[in-house]
Amino acid sequence: MKENLHPQYYDVKIVCACGSILETASTQKSLTVDICSKCHPLFTGKQRLLDTEGRIDRFKKKYEKANAAKTKTKH
């Protein structure tokens, strides 16, 4: 077999944005994630609404204008 063919594995700690830490082995020396099984809505049963940069507000305004235009044309 060839030598130095396989990557080196490291014992790493995966750090989530919520603060939980998972220990595993990986070819990367450190890992960070935005969401994990302790804070994901599918596993927790709780839904957190993250509104980044007002996306929800922009969506609502867009469709309020569309609904207002439809009601004007129907009358």
Common cluster, V12/Y9, ILVMFWY with side-chain heavy-atom separation under 4.5 Å: no
Cluster companions of F59 among Ile, Leu, Val, Met, Phe, Trp, Tyr (side-chain spacing under 4.5 Å): Y63
Measuring from K65:NZ to K60:NZ, what's the distance to the nearest 0.5 Å? 15.5 Å
Please tabulate, one pair per line, all N/O donor-acceptor pairs under 3.5 Å involving side-chain atoms of residues 13-28, not counting sequence neighbours.
residue	atom	partner	partner atom	Å
S26	OG	Q28	N	3.1

Is N67 atom CG crowded by more than 12 heavy atoms from other residues, nucleotides or ligands, each under 6.0 Å away? yes
